[in-house]
Amino acid sequence: MSNKRAVKKVKKRNPNLRLVKNDDIKPESRKNGLEEKLRFGKTKRRIILSAILLSFLVAVTAAYIYIVNNYTVTTIYVEGNVHYTNEEIIEMVIGDGIYGNNSLFLSLKYRDKGIDDVPFIQTMDVEVETRDTIRIIVYEKALAGYVAYLGRYVYFDKDGIVVETSMEKTEGIPQVTGLKFDHVILHDQLPVEKPEVFADILNITQQLDKYSMSADKIYFDTNYQITLLFGEARVALGNDIYIEEKIMKLQYILPDLLGKSGILDMREYNEDTKSYSFEQD
């Protein structure tokens with residue numbers, strides 16, 4: 001059917017209908033109509049975006065509230081720490097941060113990394129075991145002993161490398177006396193005349209630890225003869241020969257020496273020796 005016939009048919013059905021040709025529409029009217037459509041489209045898009053954003057914010061808020069309420073840490077295990085108490089370690093990990101007691105945030109914070117730059121500690125790892133339980137694993141620096149120098153305690157490892165200096169003395173680490181040096185540099189070896197002495201120190205501390213003993217001091221004289229101090233009781237071990245055997249026997253003698261002042265002479269070792277002389281001061 002042609003357009004003219006269609007128009008006639010429509011007019012016949014509705015005589016009052018006025019048909020407007022495109023050519024009869026004024027440019028201003030066309031422009032206003034187009035602008036109206038554009039405004040409507042922009043408003044519609046704005047409403048849709050606002051609804052999406054609102055839904056997103058509601059979802060994020062709900063997730064935040066759920067995480068805060070359901071991932072609060074109530075149980076903390078600490079292992080491997082000697083120089084610091086459990087409370088001090090927990091404070092280092094959790095601190096005063098607003099999310100410090102949330103296991104999920106802690107797992108994200110410490111994922112694939114530990115806590116460094118803490119004196120006496122190599123690193124600390126934080127493991128989240130359950131929603132309310134975390135485990136802090138402390139790896140301390142291996143310390144063989146310390147020397148006093150210019151009012152500070154200088155701690156060194158098995159190779160004599162200075163790993164820390166502190167104004168506070170740490171229990172359980174023996175003081176080494178008699179060594180001669182004229183300076184201390186952090187992360188460098190103590191400049192002693194006989195660097196091999198550090199192997200002796202490590203051996204002594206390991207043997208003492210093996211038999212659950214802890215000396216207050218390890219003294220070397222000018223000939224590097226060794227004396228252990230347990231309070232006021234002194235144990236003369238002599239040179240580094242038979243150190244393991246002497247300390248093994250010392251474990252049975254030491255309980256009787258504690259609280260006494262004097263010297264136990266163990267410089268001469270013989271596997272058949274049943275007793276050693278103790279000279280009280």
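Side chain of T205 to backbone of L202: a donor-acceptor contact under 3.5 angstrom is found. In this structure a side-chain-to-backbone donor-acceptor pair under 3.5 Å is missing from K158 to A199. Not a single donor-acceptor pair under 3.5 Å links the side chain of Q207 to the backbone N or O of I204.
A distance of 4.5 Å separates CD1 of I134 from CD1 of I76, quoted to the nearest 0.5 Å. With values rounded to the nearest 0.5 angstrom, I243 atom CD1 is found 4.5 Å from L237 atom CG. In this structure, I94 CD1 and I89 CD1 are separated by 12.0 Å, a value rounded to the nearest 0.5 Å. The distance from the CD1 atom of I137 to the OH atom of Y139 is 4.5 Å, given to the nearest 0.5 Å. In this structure, CE in M266 is found 4.5 Å from OH in Y276, a value given to the nearest 0.5 Å. The CD atom of Q225 lies 10.0 Å from the CZ atom of F220; values are rounded to the nearest 0.5 Å.
Taking hydrophobic clusters as Ile, Leu, Val, Met, Phe, Trp and Tyr residues chained together by side-chain heavy-atom distances below 4.5 Å, V162 shares a cluster with L150. A continuous path of Ile, Leu, Val, Met, Phe, Trp and Tyr side chains, each step under 4.5 Å between heavy atoms, connects Y146 with I121, placing both in one hydrophobic cluster. No path of Ile, Leu, Val, Met, Phe, Trp and Tyr side chains, each step under 4.5 Å between heavy atoms, connects V82 with M124, placing them in separate hydrophobic clusters.
Counting heavy-atom neighbours within 6.0 Å of K217 NZ, excluding the residue itself, gives a total of 12 or less. For Y242, the OH atom sits in a loose shell: 12 or fewer heavy atoms of surrounding residues, nucleotides or ligands are nearer than 6.0 Å. Residue-environment remark: CD (Q175) exceeds the threshold of 12 foreign heavy atoms within 6.0 Å. Within a 6.0 Å radius of OH in Y77, no more than 12 heavy atoms belonging to other residues, nucleotides or ligands are found.
Within the 4.5 Å cutoff, no side-chain heavy atoms of Y153 are placed close to those of T165. Side-chain contact check for H83 versus I173: some heavy-atom pair is nearer than 4.5 Å. A 4.5 Å side-chain heavy-atom check between V154 and Y149 finds at least one atom pair inside the cut-off. Side-chain contact between K249 and K246 is absent, with no heavy atoms from C-beta onward closer than 4.5 Å. No side-chain heavy atom of V235 sits under 4.5 Å from any side-chain heavy atom of T227.
When hydrophobic side chains of Ile, Leu, Val, Met, Phe, Trp and Tyr are connected at separations under 4.5 Å, Y219 ends up clustered with L229. The hydrophobic cluster around I48 extends to I52, counting ILVMFWY residues whose side-chain heavy atoms fall within less than 4.5 Å of a member.
Nearest heavy-atom pair, V176 versus G145, reported as atom, atom and distance to 0.1 Å: CG2-CA, 4.5 Å. For A215 against L208, the heavy-atom pair with the smallest separation is CB-CD1, 3.8 Å. Listed here is the closest heavy atom pair of V93 and L106: O-CD2, 4.3 Å. Counting all heavy atoms, side chain and backbone alike, A144 lies closest to I201 at O-CG2, 3.9 Å. Contact record, N81 with Y84: ND2-O, 2.9 Å, taken as the closest heavy-atom pair. Minimum heavy-atom separation, L264 to F278: N-CD1, 3.7 Å.
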TODO: Could you check V78 against E87 for side chain to side chain contact (heavy atoms under 4.5 Å, CB included), going step by step and ending with a plain yes or no?
DONE: CA-CA 9 Å; V78 181; E87 291 73 17; over 6 Å; no
- [ ] Could you please spell out the steps behind the side chain to side chain contact (heavy atoms under 4.5 Å, CB included) verdict for T123 and D125?
- [x] CA-CA 7 Å; T123 187; D125 290 335; 4.2 Å; yes
Task: Worked verdict on L250 versus L228 for side chain to side chain contact (heavy atoms under 4.5 Å, CB included) - done: CA-CA 11 Å; L250 177 61; L228 304 181; 4.3 Å; yes
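Between F198 and F156, the distance separating the two ring centers is shorter than 6.0 angstrom.
For D200, the side chain to side chain donor-acceptor pair (under 3.5 Å) criterion is met by no residue, not counting sequence neighbours.
Side-chain contact annotation: E244 with N203, donor-acceptor N/O pair under 3.5 Å present. Residues Y155 and S166 bring no donor and acceptor atom of their side chains to less than 3.5 Å of each other.
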Review item, side-chain donor-acceptor pairs of residues 179-194, under 3.5 Å, at least two apart:
| residue | atom | partner | partner atom | Å |
| --- | --- | --- | --- | --- |
| Q189 | NE2 | D159 | O | 2.7 |

Anything under 3.5 Å between a donor and an acceptor, one on a side chain of residues 252-263, the other on a protein residue two or more places apart or in another chain? List them.
| residue | atom | partner | partner atom | Å |
| --- | --- | --- | --- | --- |
| K260 | NZ | D256 | O | 3.1 |
| S261 | OG | D281 | OD2 | 2.6 |

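Residue pairs satisfying the salt bridge (Lys or Arg N to Asp or Glu O under 4.0 Å) criterion with at least one member in residues 127-156, sequence neighbours excluded, are listed as follows: E79-R135, E129-R135, K141-E164.
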